[in-house]
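What follows is a single structure, written as structure tokens, with notes after it.
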Amino acid sequence: MINKKVNTVQEALQGIENGMTIMFGGFGLCGIPENSIAEMVQKGTKNLTCISNNAGVDDFGLGLLLQKKQIKKMISSYVGENAEFERQMLSGELEVDLIPQGTLAERCRAAQAGIPAFFTPAGYGTEIAEGKEVREFNGKMHIMEHAFKADFAIVKAWKGDEAGNLIFKGTARNFNACMAGAGKITIAEVEELVPVGTLDPNQIHIPGIMVQRIFQGEKFEKRIEQRTVRQRQ
Amino acid sequence: MLTKEDIAKRIAKEVKDRYFVNLGIGIPTLVANYVREDITVEFQSENGVLGMGPFPFAGEEDADIINAGKQTITTLPGASFFDSAFSFGMIRSKKVDLTILGAMEVSENGDIANWKIPGKMVKGMGGAMDLVASAENIIVAMMHVNKAGESKILKKCTLPLTGVGCVKKVVTELAVLEITPKGFKLLERAPGVSVEHIIASTEANLIIEGEIPEMIID
């Protein structure tokens, strides 16, 4: 077994420098690597390009890095819940690249899978397609999109073992499973880090080869963005 | 004139037995409440769940189980979770039978705009561009006119497009419209709303053939 375990979040994030491109897993606040984000705020690393489906909310998730103006550019599909984000974007302080969610996911997956580019129909005929190669397949128009290139991918899983094998829970799998292995170095923070041999190999979602560093997060707030409930009859 | 709930009720009639359905945020989400009980439907949410159930009871919310609107949800027996790339794979490969989403503008050739108002509102397209580019059956739930009373049913969209030539049907507070190769065809009118009212509220040309029936909501 090749051991990927590191003991602290500080150790896990070693080598992250100003100006790097970093992928963050999660959808909204669901499944975000919150311990790593908190440590990034502490480190104060700047001029980051962040690839993440969303940009957090004002006081949680990547919103914390936005507040400290640590992010130079966001690559996302939807950023509607963050007032500070909107302010920085409209004032031109923040570069923003909005891309269709399926394209975002597939550009991560392509990087993970060693595919340099692919064709998708998403965005054909819209401003997203401007400047991109267009090709017709089976009578339908598609545009070419490229795999992401990221220095680090930071993902969050429910359980992991010291070999870096990951298991996700519920819809927290989202972009985490697409980003694992999609950066030069993948860091996994997990709710529960177990010794090898504990997890059933049949149940592993992401094999440890995709993960270079794994650690157990100190605490998980797991904030709910839209708490919706129904009443008991 | 229909309420948002009425629009959802009318769209629910388009949901057929054994359909896999993706619901957008807003009015489309309400459609799930009005699907006939004697048919079987599975709801897909693009953040990675198939077999979505109702909202959880208070105290049973799970931060790890949400829909694409970031709302806490439950799952039904037979549900599954998957990652985002897989989720859009099933959308692009047309496994999802019906997509219901909102719009700011729709044009008579089926173009849709719903993600950006330049200089004012830029929230992003989320999964809408992927959905409209691949889905074969797209129904739009929207208001017929904006707050200033201007038509959002247009000859040509004015806002940045989300997709081209993709919308099949539009349900508004005033009417049900079908998009045909010749443009918008008026299929039904809201209870108490005249054809003249609909024509006056619509910038695009309307194809009107014979008597236009009132919508049946319940």
Side-chain angles (χ1 to χ4, degrees), chain A residues 27-31 53-54 76-81 86 89-90 96 98-110 112-113 120-128 140-142 158 168-178 205 220-232, chain B residues 25 29 45-49 52 54-75 81-89 91-92 111-113 115-116 118-134 160-166:
Chain A
F27 184 100
L29 301 179
C30 179
N53 188 55
N54 314 89
S76 303
S77 85
Y78 190 81
V79 293
E81 283 89 9
E86 203 162 3
M89 176 170 64
L90 292 173
V96 180
L98 289 170
I99 58 182
Q101 197 175 117
T103 300
L104 184 79
E106 196 63 16
R107 289 178 68 185
C108 295
R109 201 196 74 85
Q112 181 190 54
T120 176
Y124 172 74
T126 76
E127 64 182 53
I128 297 304
K140 186 167 175 151
M141 303 309 279
H142 294 73
W158 180 37
F168 303 97
K169 177 171 160 266
T171 53
R173 194 180 317 185
N174 55 53
F175 281 84
N176 287 303
C178 314
H205 293 134
F220 287 91
E221 182 182 333
K222 295 175 71 165
R223 197 187 288 190
I224 290 173
E225 210 164 322
Q226 304 283 343
R227 187 178 299 273
T228 42
V229 296
R230 74 188 138 128
Q231 298 308 316
R232 285 176 199 278
Chain B
I25 296 167
T29 304
S45 198
E46 64 269 23
N47 60 315
V49 54
M52 223 186 331
F55 295 144
F57 291 119
E60 293 178 3
E61 314 91 294
D62 184 338
D64 289 326
I65 303 181
I66 64 167
N67 63 18
K70 286 106 179 174
Q71 296 171 312
T72 45
I73 54 156
T74 59
T75 53
F81 298 114
F82 33 85
D83 67 64
S84 300
F86 201 96
S87 181
F88 283 95
I91 289 165
R92 280 191 301 265
D111 292 355
I112 176 171
W115 73 284
K116 185 178 184 181
K120 270 194 196 160
M121 190 286 292
V122 188
K123 291 181 187 295
M125 66 293 281
M129 280 194 185
D130 309 89
L131 281 158
V132 300
S134 294
L161 295 180
T162 307
V164 292
C166 52

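This one's a predicted model, so the numbers in the text were calculated from it and none came from an experiment. Hydrogens, waters and symmetry mates play no part in the numbers below; they use all other heavy atoms, side chains included. A note on names: the letters A, B, ... follow the listed sequences, proteins ahead of strands, and every chain is numbered from 1.
In this structure, chain A has no heavy atom under 4.5 Å from any part of B:Ala128. Within the 4.5 angstrom heavy-atom criterion, only side-chain atoms of B:Glu60, from C-beta onward, approach chain A. For A:Asn54, the part lying under 4.5 angstrom from a heavy atom of chain B is the side chain only. Interface remark: B:Phe81 contributes backbone and side-chain atoms alike to the contact with chain A (heavy atom separation under 4.5 Å). Both the backbone and the side chain of B:Val122 have a heavy atom closer than 4.5 Å to some heavy atom of chain A. With a threshold of 4.5 angstrom between heavy atoms, A:Met141 does not approach chain B through any atom at all.
Counting heavy-atom pairs under 4.5 Å between each of B:Val49, B:Asp62, B:Asp111, B:Thr75 and chain A puts B:Asp62 at the top. By number of non-hydrogen pairs under 4.5 angstrom with chain A, the leading residue of B:Lys70, B:Met129, B:Glu61 is B:Lys70. Listed options B:Phe57, B:Phe88, B:Phe82, B:Trp115 were ranked by heavy-atom pairs under 4.5 angstrom with chain A; first place goes to B:Phe57. Residue with the most contacts toward chain B among A:Arg109, A:His205, A:Lys140: A:Lys140 (heavy-atom pairs, distance under 4.5 Å). Heavy-atom pairs under 4.5 Å with chain A were tallied for B:Ala113, B:Gly48, B:Gly89, B:Pro54; the largest tally goes to B:Pro54. Annotation: maximal heavy-atom pairing with chain A below 4.5 Å, among B:Ser84, B:Gly124, B:Ala133, B:Ser87, occurs at B:Ser84.
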Problem - B:Arg92 vs A:Thr120, side chain to side chain contact (heavy atoms under 4.5 Å, CB included): CA-CA, chis, key distance, verdict - result: CA-CA 8 Å; B:Arg92 280 191 301 265; A:Thr120 176; 3.7 Å; yes
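Between A:Ile128 atom CD1 and B:Leu161 atom CG the span is 11.0 Å, to the nearest 0.5 Å.
Checked by atom type and distance alone, the side chain of A:Thr228 pairs as donor or acceptor with a backbone atom of B:Thr72 at under 3.5 Å. Without hydrogens or angle criteria, B:Asp83 side chain to A:Cys178 main chain gives no donor-acceptor distance under 3.5 Å.
Taking the side chain as every heavy atom from C-beta outward, B:Asp64 and A:Lys222 approach each other to under 4.5 Å. Between A:Thr126 and B:Met125 the shortest side-chain heavy-atom distance does not fall below 4.5 Å.
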